[in-house]
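Report on the structure given below.
What you see below is based on every heavy atom in this structure, not just the backbone, and it leaves out hydrogens, waters and symmetry mates. A, B, ... follow the sequence lines: proteins, then strands. Residue 1 opens every chain.
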Amino acid sequence: MLLAELVTVTDAVAATSSRLAKVAALAELLRRLEPDEIGPAVGFLLASPRQGRLGVGWRSVTSLDVAHAAEPGLTVLDVDAALDRLAAAEGPGSASARAAELKGLAGRATSGEWDLLTRIMLGELRTGALEGVLLDAVAQAADRAAPSVRRAAMLSGDVGETARLALTGTAAELGAVGLQVGRPVMPMLASTASSVADALATIGGPQARGAASIEFKLDGARIQVHRDGDEVHVYTRSLADITHRVPEIVEAARQLPAERVILDGETLTLDEDGAPRPFQDTMARFGSESEVAALLRPWFFDILHLDGRDLIDEPLSTRLEALARVAGAARMPGIVTDDVAQAEAFSRDALAAGHEGVMVKALDAPYAAGRRGKSWLKVKPVLTYDLVVLAVEPGSGRRTGLLSNLHLGALDPMGEFGEPGGFVMVGKTFKGLTDATLRWQTEHFPTIETRRSAYALHVRPVTVVEIAIDGVQRSSRYPGGIALRFARVKGYRPDKRADEADTIQTLRALLRG
DNA sequence: TTCCGACAGTGGGGTCGCAAT
DNA sequence: ATTGCGACCCCACTATCGGAA
């Protein structure tokens, strides 16, 4: 198949807001693919090529200057082969080898094809169709039930292979795709609740008769651990195999009293007193190839398979019983209760121990791989501060033409970081903005503009905005030495003056809890 | 007819390894 | 030795479509 056909279809998909129309257009395309084109094409449609990391980012794409082809000629398999060569380049000279490969590809592509190719390589198509819509399209094209396609994709962790199987295999083969020890599963995800009481009410239902599992929520990295005898693999949330980086977790898995097991959990590093280290310190270890002093410790909160028995379709209550037999000291602290006061007390314990908060989970729910449903709710404390807008950046995509991303400053009353009474930038945010707020920003900020830079409109520091954050972290980027974590807008505060804003000292005090 | 679950988009912070400088 | 890039860990929130109620 020609790449140009994907251009036509993805343009059509982007042009309609109807998901049914997107699914129909994608299904029609999928039906026309040859079997060996399905894997590559699905990778393109998800902007997640099957080759994985290509070593190609925004910089390498935009620094190219090539004349494009006048007529389409590239096929899906041509592009797949070019991406193979890009992914294979490493070592000295690899950057120029990749640049040459990119240049060759760009020269063979029409400008429309190159536009699609760059979006594929940069990982964002923005056509309003990703995994969910594409899986529906696969089901439609293959004439299979959507849930069976989705389940196969989630349990195999591989949408491309699932599409190939659905389109070329039998329904029975698709239905036979299941858990396999050693092959990662898309992890189950959580929604957010505003309080433990709310979470318990949601989980327990209107009558709140059902109890829930309340568990510590740790500020670390998600891990999925597979053990088959002495063979152990550790995967990240995005299913990357990081076994070689975490020997201490491999060793811990080998100590478990089970032969074949799949566990879901979280890992982080502790300080000498056994208190959790900041997320940044955990990431320094988790992201590193080399062994350093700080050891990662695993905590397991779920079990998907135990010694020949799949548990994903069992209720959480059954899975927790199995986990209790296997995990020992590596079991995530948790209680089962229907009592709000008891759950809240447990949440306070989690926070007192230095953790993020708690998870509240429905005991009757199966392990819904790849789903972000209401069966798991996270509850974390939210802090709010009044900060001052220093600049605004124009938005992109559906925020094109609107002023979107805010630069936020804290008051510096003593002039520790500049003029007394000035402001120190502590982060940015684009979150929490409604369409109405975006329109208001776009009208308001030009009226107090002081200067424009390449990326932002700088304004007089007079606009106070209430910002919610989860906390602060060390920063080498910002002059105050801290950055906001997960900042989002709660609302503008026209009733407040800038000199009433919260101070950099107040925010810095959060660093040490 | 209204409600709500699921999805996609819009970007934020930091950390690492690696190649180029 | 330093710098810039790419990859990837954490993440909140709003708008929208279309099936469920």
- Query: Is there a Watson-Crick or G-U wobble partner for B:dC7 with both distances under 3.5 Å, and which nucleotide is it?
  - Reply: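 Its partner is none (no Watson-Crick or G-U wobble pair with both distances under 3.5 Å).
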
- Relative to the 5' end of DNA chain B, which residue comes earlier, A:G91 or A:R485, by the nucleotide with the nearest heavy atom?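 Its nearest nucleotide lies further toward 5', so the answer is A:R485.
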
- Query: Nearest nucleotide by nearest heavy atom, which residue falls closer to the 5' end of DNA chain B, A:L134 or A:A95?
  - Reply: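 It is A:L134 whose nearest nucleotide is closer to the 5' end.
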
Residues [X], [Y]: salt bridge by 4.0 Å N-O rule:
X	Y	value
A:R488	A:D470	yes
A:R183	A:E161	no
A:D115	A:R119	yes
A:R50	A:D158	no

Rounded off to whole Å, could you give me the [atom1]-to-[atom2] distance for the [X] and [N] pair?
X	N	atom1	atom2	result
A:F486	B:dG13	CZ	P	12 Å
A:R237	C:dC11	CZ	P	7 Å
A:R399	B:dA8	CZ	P	18 Å
A:L122	C:dC5	CG	P	14 Å
A:D281	C:dC9	CG	C1'	14 Å
A:E90	C:dG6	CD	C1'	14 Å
A:D219	B:dG14	CG	C1'	12 Å
A:D435	C:dT14	CG	P	11 Å

What nucleic acid atoms does [X] come within less than 4.0 Å of, heavy atoms only: base, sugar-phosphate, or nothing?
X	answer
A:R398	base
A:K431	base
A:T429	nothing
A:K380	sugar-phosphate
A:A487	nothing
A:V133	sugar-phosphate

- Message: If you assign each of A:G57 and A:T192 to its closest nucleotide in DNA chain C, which residue comes earlier from the 5' end?
- Response: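 Its nearest nucleotide lies further toward 5', so the answer is A:G57.
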
- First of A:S17 and A:V61 reached from the 5' end of DNA chain C, by closest nucleotide: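 Checking each residue's closest nucleotide, the 5'-ward one belongs to A:V61.
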
[N] OP1/OP2 closer than 4.0 Å to side-chain N/O of [X]:
X	N	value
A:T282	C:dC9	no
A:Q280	B:dT15	yes
A:R98	B:dA19	no
A:K378	C:dA12	yes
A:S238	C:dC9	yes
A:T127	B:dA8	no
A:K217	C:dC11	yes
A:S475	B:dG13	no
A:N405	B:dG12	yes
A:T236	C:dC9	yes
A:R59	C:dC5	yes
A:R126	B:dA8	no

- Quick one: are the ring centres of A:W440 and A:Y492 less than 6.0 Å apart?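 Centroid distance A:W440-A:Y492: below 6.0 Å, so yes.
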
- Task: Taking only the side-chain heavy atoms of A:S18 (C-beta and beyond), determine which of C:dG18, B:dG14, B:dG5 contains the nearest atom.
- Result: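 The listed nucleotide nearest to A:S18's side chain is C:dG18.
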
- Quick one: does A:R19 reach the base of C:dT16 with a side-chain donor-acceptor pair under 3.5 Å?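 Side chain to base: pair present.
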
- Query: Going by atom types only, do A:T127 and A:T10 share a side-chain donor-acceptor pair under 3.5 Å?
  - Reply: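 No donor-acceptor contact under 3.5 Å links the two side chains.
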
- Item | Residue that, paired with A:L484, satisfies side-chain contact (heavy atoms from CB on, under 4.5 Å) out of A:L510, A:L383, A:T429, A:L507 |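 For A:L484, the side-chain contact (heavy atoms from CB on, under 4.5 Å) test succeeds with only one of A:L510, A:L383, A:T429, A:L507, which is A:L507.
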
